[in-house]
Amino acid sequence: MANRIKLTFWNYVDFSDYKPEMLVDWVNCGMTDPVTPRFTYEKDSHEDFKAMLDLAERLGVKMILQINELSLEQYLNGAEKYARIAREVYDEFGIHPAAEGFYVGEEPNTTTNEAYFEGVKILRDIDPKFPVFVNLGSVERTERMLLGPDKSLKEWMSEFTSYSGTDIIGYGTYAQLLPNGVGIDEHFYNIREVVKAAKASGAEVWASQLSSAHYGYRIPSELDFQWQISTTVACGCRAVVWFRLYDKLIAPDLWGSPIDEFGEKTPRYYDLARVQKRFMAQHGEIMAKLRHVDSFGLGVSYGGYLYFLPGSNDLVESAVCRSGMISFFKDDEGSDYVVVLNTLQDEACTVALNFTDKVEKAAILRLNGKQRVEICNRGDKKGTLAANEIWLAPGQMELIKLN
């Protein structure tokens, strides 16, 4: 497993417009694995690109390479040329200590489907350990544009990962930031469907989330950033990819980003930075070491997740919350963990847990496990073990280890 949950963003900056202070801004915003600006291998400065990777190494982050010639649509213009440039790019930049993988395309459709299978296979054959990341749209868009009535998302993912060798697949939906919470159900439906399909194919899921006002979506707040990270990670995703970091100079439907069209940081930049750094300090490392088992709704259940009922789990007897989720994880040693989550976007709430007689102790883990807050200890008690009530801010999650 990865050594941390990934936090990154769709980078629409052309490399010709890149300045080193931009990378510093991305790192200071809490991005752990920035996508590089769009680099044209046959035109842009290779020396400057390597200097960017050198700076990333000094700053302690890795970068996902975005090379225009390796966009999967370019495969359709000639497989031989694509394979040649892929080898050259990897030999020159892929071996750099700060290079983490390739980002090569999003939202495949029936026209580009072949390129996704064949192009990614070319890249993975060069180095099977060098990740390749592709991104689907929402489940609805993917079904409409790619799958049609004859193939399920699970079938496509299994075929794609098996043939191409990739093990990272993203998806994107922004309905969670529609006004008045009307898209929350769609948000959770997408997570549930993609994570379920990815488990069957052996892939990990990266979730595209919204950091900018876009069409009818609202400007995200600090709580919205927290809610989006927590809900995706608590339900089994391994990374968050933000759309967008920068506003365009001319784009009436795109505004309210962390950095405006003149390169100035907005209040959203500092909100996002605070949330991302807080998440990494609390959960970013330890959650990357855990394997998602299952998730259930509490109080109000969204997206088709089953309600948590007595008998749903042999360690937790009951869980009560006005609007929340409970998720179950395991580590490589087989130890059990529970994540509780407030799914309300603007109100705090509590979660009350009762554990079965198989649980001796339960403790909230903070600061990536360095701090333990015991919430119950069986001692000589028999039967059900009640935990101390847990308060959760909007979109807040807590991780509990069970002994």
Side-chain angles (χ1 to χ4, degrees), residues 176 181 184-185 187-189 191-193 195-196 199 223 226-237 279 282-283 286-287 289-331 334-366 369 371-379 381-403:
Q176 62 274 12
I184 294 177
D185 194 72
H187 167 79
F188 281 106
Y189 170 77
I191 302 175
R192 184 175 63 82
E193 287 295 300
V195 168
K196 180 174 64 175
K199 284 181 178 179
L223 290 176
Q226 176 171 277
W227 192 94
Q228 291 178 95
I229 294 178
S230 295
T231 54
T232 53
V233 173
C235 293
C237 299
F279 177 82
Q282 292 287 5
H283 303 299
I286 193 167
M287 288 302 298
K289 300 173 184 176
L290 305 182
R291 173 176 55 84
H292 179 260
V293 178
D294 213 344
S295 294
F296 298 87
L298 302 175
V300 179
S301 188
Y302 295 103
Y305 283 99
L306 297 177
Y307 279 96
F308 187 78
L309 300 172
S312 295
N313 181 268
D314 63 356
L315 300 177
V316 179
E317 183 173 287
S318 65
V320 178
C321 179
R322 186 150 50 95
S323 180
M325 295 194 78
I326 183 168
S327 294
F328 296 91
F329 290 80
K330 284 185 177 290
D331 63 18
S335 296
D336 291 285
Y337 298 77
V338 173
V339 169
V340 290
L341 168 72
N342 177 4
T343 55
L344 295 169
Q345 293 185 321
D346 52 11
E347 293 180 44
C349 70
T350 60
V351 177
L353 299 173
N354 287 312
F355 299 105
T356 70
D357 57 8
K358 295 184 178 182
V359 175
E360 295 295 324
K361 295 179 183 179
I364 294 174
L365 301 186
R366 295 189 177 130
Q371 183 184 95
R372 296 170 59 91
V373 180
E374 195 169 89
I375 56 174
C376 63
N377 187 333
R378 179 168 296 281
K381 300 172 188 171
K382 305 296 182 183
T384 300
L385 189 62
N388 297 333
E389 193 174 51
I390 301 170
W391 274 96
L392 297 170
Q396 183 186 354
M397 58 174 271
E398 290 278 24
L399 174 66
I400 303 164
K401 183 173 184 180
L402 305 183
N403 289 17

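Please read these numbers as outputs of a predicted model, since none were measured by experiment. Note that the numbering runs from 1 along the sequence shown for the chain.
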Peer 1: So, do Asp336 and Lys330 sit near enough that their side-chain heavy atoms are less than 4.5 Å apart?
Peer 2: yes
Peer 1: Mind checking side-chain contact (heavy atoms from CB on, under 4.5 Å) for Ser230 and listing every partner two or more places apart, or none if nothing turns up?
Peer 2: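 With sequence neighbours excluded, Ser230 shows a side-chain contact (heavy atoms from CB on, under 4.5 Å) to Gln226, Leu341, Met397, given in chain and number order.
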Peer 1: Is there a side-chain contact between Val351 and Val320 (heavy atoms, below 4.5 Å)?
Peer 2: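 No, side chains not in contact.
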Peer 1: Test of understanding: with side-chain contact (heavy atoms from CB on, under 4.5 Å), list the residues that count as partners of Glu360, not counting sequence neighbours.
Peer 2: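 side-chain contact (heavy atoms from CB on, under 4.5 Å) check on Glu360 returns Arg378.
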Peer 1: Considering only residues two or more places apart or on different chains, which pairs with a residue in residues 316-328 satisfy side chain to side chain donor-acceptor pair (under 3.5 Å)?
Peer 2: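 Pairs touching residues 316-328 that pass the test: Ser295-Ser327, Glu317-Thr384, Ser318-Asn354, Arg322-Glu347, Ser323-Thr343.
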Peer 1: One thing to verify: whether Arg291 and Asp331 come together as a salt bridge, which I'm taking to mean a side-chain N less than 4.0 angstrom from a carboxylate O.
Peer 2: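 Salt bridge between Asp331 and Arg291, a charged N being under 4.0 Å from a carboxylate O: no.
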Peer 1: Please report the interatomic distance SG(Cys349) to CG(Asn342), rounded to the nearest 0.5 Å.
Peer 2: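 One finds 3.5 Å between SG of Cys349 and CG of Asn342.
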Peer 1: List for me each residue that meets salt bridge (charged side-chain N to carboxylate O under 4.0 Å, His left out) alongside Lys381, sequence neighbours excluded, and say none if there are none.
Peer 2: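 Salt bridge (charged side-chain N to carboxylate O under 4.0 Å, His left out) check on Lys381 returns nothing, list empty.
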Peer 1: Side-chain contact, heavy-atom cut-off 4.5 Å: Cys235 with Arg192?
Peer 2: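 Side chain of Cys235 against side chain of Arg192, heavy atoms only: no contact under 4.5 Å found.
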Peer 1: Which residues pass the side-chain hydrogen bond (donor to acceptor under 3.5 Å, both in side chains) test with Asn388, not counting sequence neighbours?
Peer 2: none
Peer 1: Determine the minimum heavy-atom distance between Ala319 and Leu353, stating which atoms define it.
Peer 2: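 It is CB-CD2, 3.5 Å.
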Peer 1: Applying ring-ring contact (aromatic ring centres under 6.0 Å, His included), name anything that partners Phe188, two or more places apart in sequence or on another chain.
Peer 2: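 Phe188 satisfies ring-ring contact (aromatic ring centres under 6.0 Å, His included) with Trp227, Tyr302 only.
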Peer 1: What's the separation between atom CG in Asn313 and atom CG in Leu402, rounded to the nearest 0.5 Å?
Peer 2: 8.0 Å
Peer 1: Please identify each residue that fulfils salt bridge (charged side-chain N to carboxylate O under 4.0 Å, His left out) with Asp357, with sequence neighbours left out.
Peer 2: none
Peer 1: side-chain contact (heavy atoms from CB on, under 4.5 Å) with Ser301: which residues, sequence neighbours excluded?
Peer 2: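 With neighbours one apart ignored, the set is Tyr305, Tyr307.
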Peer 1: Please identify each residue that fulfils side-chain contact (heavy atoms from CB on, under 4.5 Å) with Lys401, with sequence neighbours left out.
Peer 2: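 Lys401: side-chain contact (heavy atoms from CB on, under 4.5 Å) contacts with Ser335, Tyr337, Leu365, Arg372, Asn403.
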Peer 1: Please assess Thr356 against Asp314 for the test side-chain contact (heavy atoms from CB on, under 4.5 Å), listing each intermediate value before the final yes or no.
Peer 2: CA-CA 7 Å; Thr356 70; Asp314 63 356; 5.6 Å; no
Peer 1: Is there a side chain to side chain donor-acceptor pair (under 3.5 Å) between His292 and Lys199 once you walk through the steps?
Peer 2: CA-CA 9 Å; His292 179 260; Lys199 284 181 178 179; 2.8 Å; yes
Peer 1: Between Ser312 and Phe308 (side chain of the first, backbone of the second, donor and acceptor by atom type, cut-off under 3.5 Å), is there such a pair?
Peer 2: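 Absent.
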Peer 1: Return the set of residues passing salt bridge (charged side-chain N to carboxylate O under 4.0 Å, His left out) with Lys361 (not counting sequence neighbours), or none when no residue passes.
Peer 2: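 Residues passing salt bridge (charged side-chain N to carboxylate O under 4.0 Å, His left out) with Lys361: none at all.
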Peer 1: Pair up each side-chain donor or acceptor in residues 389-396 with any protein partner under 3.5 Å, not counting sequence neighbours, and list the distances.
Peer 2:
from   : atom 1 : to     : atom 2 : distance (Å)
Glu389 : OE2    : Thr350 : OG1    : 3.4
Gln396 : OE1    : Ala393 : N      : 2.7
Gln396 : NE2    : Glu398 : OE2    : 3.4

Peer 1: How would you list all residue pairs meeting salt bridge (Lys or Arg N to Asp or Glu O under 4.0 Å) that involve residues 300-309, not counting sequence neighbours?
Peer 2: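 For residues 300-309, and leaving out neighbouring residues, there are no salt bridge (Lys or Arg N to Asp or Glu O under 4.0 Å) pairs at all.
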Peer 1: Please examine the side chains of Phe328 and Val316, heavy atoms only from C-beta on, and report whether any two atoms are closer than 4.5 Å.
Peer 2: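 Sidechains of Phe328 and Val316: in contact.
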Peer 1: Could you report the tightest heavy-atom contact between Ile400 and Ala362, atom names first, then the distance?
Peer 2: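 Closest approach of Ile400 to Ala362: CG2-CB, 4.1 Å.
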Peer 1: To the nearest 0.5 Å, how far apart are NE2 in His283 and CG in Leu399?
Peer 2: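 Going from NE2 on His283 over to CG on Leu399, the span is 6.5 Å.
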